[in-house]
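Scroll down for the structure; my scribbles are underneath it.
Chain letters run A, B, ... following the sequence lines, proteins first and then strands; every chain starts at 1.
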There are 2 protein chains.
Amino acid sequence: MKNVLGREIPEKIEGYKEVTPFKGAFAEDGEKTIKSVKVKTVKPEDSKVLNSIEEALDKVEIKDGMTISFHHHLRNGDYVLNMVVDTIAKRGIKDLTIAASSIFPAHAPLVEHIKSGVVTGVYANYMSGPVARAISLGLLKKPAVMHTHGGRARAIESGDLHIDVAFIAAPTSDTYGNINGVEGPAACGSLGYAAPDAEYADKVVAVTDNLVPYPACPIEISQHHVDYVVKVESIGDPKGIVSGTTKITKDPVGLKIAKMASQVIKASGLVKDGFSFQTGAGGTSLAVAAELKEIMKKEEVVGSFAAGGVTGYIVEMLEEGLFRNIFDVQCFDLKAVDSYKNNPKHQGMSASMYGNPHNKGCVANNLDVMILGATEIDTDFNVNVTTGSDGIIMGGSGGHSDTAAGAKLAIVVTNLMKARLPIIKDRVTTVTTPGESIDVIVTERGIAVNPNRKDLMEKLQNTNLPVMTIEELKDMAEKITGKPNAIELTDEVVAVVEYRDGTVIDVVRKPVI
Amino acid sequence: MKNVLGREIPEKIEGYKEVTPFKGAFAEDGEKTIKSVKVKTVKPEDSKVLNSIEEALDKVEIKDGMTISFHHHLRNGDYVLNMVVDTIAKRGIKDLTIAASSIFPAHAPLVEHIKSGVVTGVYANYMSGPVARAISLGLLKKPAVMHTHGGRARAIESGDLHIDVAFIAAPTSDTYGNINGVEGPAACGSLGYAAPDAEYADKVVAVTDNLVPYPACPIEISQHHVDYVVKVESIGDPKGIVSGTTKITKDPVGLKIAKMASQVIKASGLVKDGFSFQTGAGGTSLAVAAELKEIMKKEEVVGSFAAGGVTGYIVEMLEEGLFRNIFDVQCFDLKAVDSYKNNPKHQGMSASMYGNPHNKGCVANNLDVMILGATEIDTDFNVNVTTGSDGIIMGGSGGHSDTAAGAKLAIVVTNLMKARLPIIKDRVTTVTTPGESIDVIVTERGIAVNPNRKDLMEKLQNTNLPVMTIEELKDMAEKITGKPNAIELTDEVVAVVEYRDGTVIDVVRKPVI
């Protein structure tokens, strides 16, 4: 069958729940049910501290077929996922599903566990590196399920994604399971993505290399959600967790795109007191923030909040009084960690509060402007950030679809061509975010406005910005690069791309390689 | 039937759920289920702000038989409960159940609504004043249900207490329902008791007199739990909300009891690094804190945490470095509010984290020493803080049973006689907290140790403290006052006293007046 975007979705996907095709960004809204949770009570004399992962596996009665979860705040420095899965594998356990909020190159050892049948299912909001490649090539028994950050919270809360055991990498935990991410050798700041796992998993195990006396404050994840605490030597490599600083691009093309994007934002009329903003940690995205900062200063605008994965650059804007608050689901650099720890205006948020479409209103709903990236865009404004030009998974939505749906103005900033390939295509390899959520695309050579945003089109026509149709933009690139050959794909579904509401927006098919 | 304490409990109580008799403080532990929750999703374009309570009643579709909830952080200054119930009453709605975490004299207008049948059920952890009197005299159609603070959280989370609509008095709320208690004319500090209502009610309405632009930070109750926000002129009278200062008693008897209690604590051997402590806001309780402070200073002990309803006196101990942290479910005075707002070592906790026996471990479990009051104590060490000597309800457990069950050393401090009546009786009018949770009773004339604490008895026998049996203590008082006449009670059950685990520890019967 075809979903509302015209993407061909199988009626039934072996190893995946019943298929509900995507029907539109808010088509599934209404009354929803949050699942019930089982809890084993803890008495005053009980101790939660265990001596090893082995002991934790005994306590949680790990067995074949279970789903175990991990959060990705330690990013490419994470040791916990490998440590736990390796230990489980040694027991001869099979058929595990790994529900990791993201998977990075550091998780390469998972490939062997996939090959051996220890791991047969994977959920992730983002994946890159050897595991993503192995999944793309069909090595995983069941198709992987790719969520958005908000969609993962929704799936966990609704019960669509049932977690048997959540293993929470804890930069600091006390002996009773109060966890924070701001102290310890692997300090990473906000633990927003781990919050749903802690609240809704059957069993919750904190894995820490900084076990401290009770109570550890501040508390990001509370003792009353944690069953056990395991002390290990190290939960991660600080070098892979946070970068020292995140930097604005020096590439003149990136800077040009950023300048144009900032002019679009200004023309939109949204830059006024109470303005809210989110951007990624990429060089061009940060350059947009730098341009925006000058506009805000000049016009003496005080914004309400900046949100997101947070960088030092956004922290500077808070400290300069350009925003009243920051909402932080994840810290990208040390300056962000430090601010999150010390500045009460820098507020944490859970993944659900950030982007879950089925709660009583997420932060993404309140965004004025969101700056997004793209690997491919089609002439319906659908964006792919999931697969590369070779059809291999190299990313995923993360918060892309969540913020695009929520923001009043969702801007994709991208070079018109990358590696001699045009970015705009008739048809993207994979739809990550539906075109209805994307308002405008800014490239170095031209700007295309979504035809459903006539109001924005009118505003931009009063500027000197090079506004054109998306087809014109596509033709412009193709004149330089030629029309690229389509990737050849097999029929085999290697991953299901779930929209944030749990419907299927697309599938990833194994490429012919 | 009789429960394990020998209290006569009817097999069936009209208007109350199925009776499960109390079997012991931890008899109901094990695997528990937290209820599922219904949520109506909120889209980016939706507004939550309503113009009046009337409009909120329309939106939540208020109707006969519903249960509506309130928190008591505004204490005797609260306007919200009366405002909401009066407005509902004007619609001709009947048969409401009021689930208020506590009820105060300021809620006197509820008596008329009870008489008229608008209100036919009441849940509360504590009640005093005209409503408590009206209920004691049998005016409420169904028996009231009296919870502990932790037990109320448990009841809400388990579904035993289903809340249709929670009305949350919000000292500050933004337009999207982010709530805090630290700003605004009715600032009261921690909103810990309101947390379960916000998380598990079908509908949640924030009622505020300080509506601020989005986002209001810090966030105590998050936007993703709040359906609607109503602006009203005033939510409460600051004079009734927090006292300017809470003071240590000047009464020499109280001071003597405090001194003796501190000696008991010292002799217990618990005063060492990592020591944890909770006491109430009464003058004698604070005097114990003052004595303890001197011991801690002298012995150079740094405690882990102080918990509770928090007073300025405890804040001073934090600021002097005698405790590393405070856990705060409720602020009793302005100094506590100020500290909670500004000192990151002063942590909020929800009612569930504070005292819920059926989560993965509450803060009360980690208490070393708890200082408690009593209206009556029996020779089995059962404590009554629910009914007065006339059989009329004048209090309730609040956190009494929760902390007594959790603490390693639960000390009741009380005058041996009050208003010429002995405190120790053969049989208390109402059991609030079971004797198994009480370790020692300290009066100005003698100290009685629970016989099941032989270890403590031995330690105290090495001191000069006047240790005796509880029967000796009782006789001592009766020699002065004479043996008081028993109160005459009818068979009519006017309130059910639920232990924190949801079993029936006692019932309150209407007195003959």
Side-chain angles (χ1 to χ4, degrees), chain A residues 26 28-46 48 157 159 176-177 204 213-215 217-219 222-227 273-274 276 304-305 324-325 327 342 344-345 347 349-350 352-353 356-367 405-408, chain B residues 26 28-46 48 157 159 176-177 204 213-215 217-219 222-227 273-274 276 304-305 324-325 327 342 344-345 347 349-350 352-353 356-367 405-408:
Chain A
F26 294 97
E28 294 286 318
D29 274 37
E31 189 169 287
K32 301 292 164 181
T33 302
I34 297 178
K35 76 188 283 272
S36 73
V37 180
K38 285 207 158 45
V39 170
K40 189 161 173 298
T41 59
V42 173
K43 285 185 282 200
E45 65 272 23
D46 295 340
K48 296 185 180 183
E157 293 187 3
Y176 218 56
V204 177
Y214 185 85
C217 295
I219 295 167
S222 165
Q223 62 184 52
H224 71 286
H225 291 129
V226 176
D227 295 278
D273 281 342
S276 59
S304 53
F305 72 92
R324 284 190 278 113
N325 291 98
F327 280 124
N342 295 308
K345 293 178 179 171
Q347 285 268 316
M349 61 178 169
S350 69
S352 186
M353 184 176 173
N356 179 353
H358 292 171
N359 66 22
K360 294 174 180 175
C362 60
V363 168
N365 282 357
N366 294 298
L367 277 172
K408 290 194 182 68
Chain B
F26 294 97
E28 294 287 317
D29 274 37
E31 189 170 286
K32 300 291 163 182
T33 302
I34 298 178
K35 75 189 283 273
S36 72
V37 180
K38 285 207 160 42
V39 170
K40 190 159 171 297
T41 60
V42 172
K43 286 185 281 198
E45 66 272 23
D46 295 341
K48 295 185 179 183
E157 293 187 3
Y176 218 56
V204 177
Y214 184 87
C217 294
I219 295 168
S222 164
Q223 62 184 51
H224 70 287
H225 291 128
V226 176
D227 294 277
D273 281 342
S276 59
S304 54
F305 72 92
R324 285 189 277 111
N325 290 100
F327 281 124
N342 295 308
K345 293 178 179 170
Q347 285 269 316
M349 61 179 169
S350 69
S352 187
M353 185 175 172
N356 179 353
H358 290 171
N359 64 23
K360 295 175 181 176
C362 60
V363 168
N365 282 357
N366 294 298
L367 276 173
K408 290 193 183 68

Among the options [options], pick out the one with the most heavy-atom pairs lying under 4.5 Å from chain B.
| options | answer |
| --- | --- |
| Gln223(A), His358(A), Lys40(A) | Gln223(A) |
| His224(A), Met353(A), Met349(A), Glu45(A) | His224(A) |
| Lys345(A), Glu31(A), Glu28(A) | Glu31(A) |
| Asn356(A), Asp227(A), Leu367(A), Asn342(A) | Asp227(A) |
| Gly177(A), Ser304(A), Gly159(A), Ala405(A) | Ser304(A) |

Contact origin within [X] toward chain B - heavy atom pairs under 4.5 Å:
| X | value |
| --- | --- |
| Gln347(A) | side chain |
| Lys43(A) | both |
| Lys408(A) | neither |
| Asn325(A) | side chain |
| Ala364(A) | neither |

Can you tell me which portion of [X] sits under 4.5 Å from chain A's heavy atoms? Options are side chain, backbone, both or neither.
| X | result |
| --- | --- |
| Ser222(B) | side chain |
| Ala407(B) | neither |
| Tyr176(B) | side chain |
| Val226(B) | backbone |

Given the options Pro215(B), Pro213(B), Gly406(B), which has more heavy-atom pairs under 4.5 Å with chain A than any of the others? Pro215(B)
Under 30°, 30 to 60°, or over 60°: which ring-plane class applies to Phe327(B) and Phe305(B), parallel, tilted or perpendicular? perpendicular
When rounded to the nearest 0.5 angstrom, what distance separates OG1 in Thr41(A) from CG in Asp46(A)? 7.5 Å
How long is the gap from NZ on Lys360(A) to NZ on Lys48(B), to the nearest 0.5 Å? 8.0 Å
Do the side chain of Asn366(B) and the main chain of Ser276(B) share a donor and acceptor less than 3.5 angstrom apart? no
Please check if the side chain of Thr33(A) supplies one atom and the backbone of Lys38(B) the other of a donor-acceptor pair under 3.5 Å. no
Quick one: do the Asn359(A) and Ser352(A) side chains pair a donor with an acceptor below 3.5 Å? yes
For Lys32(B), the side-chain hydrogen bond (donor to acceptor under 3.5 Å, both in side chains) test, sequence neighbours excluded, returns none
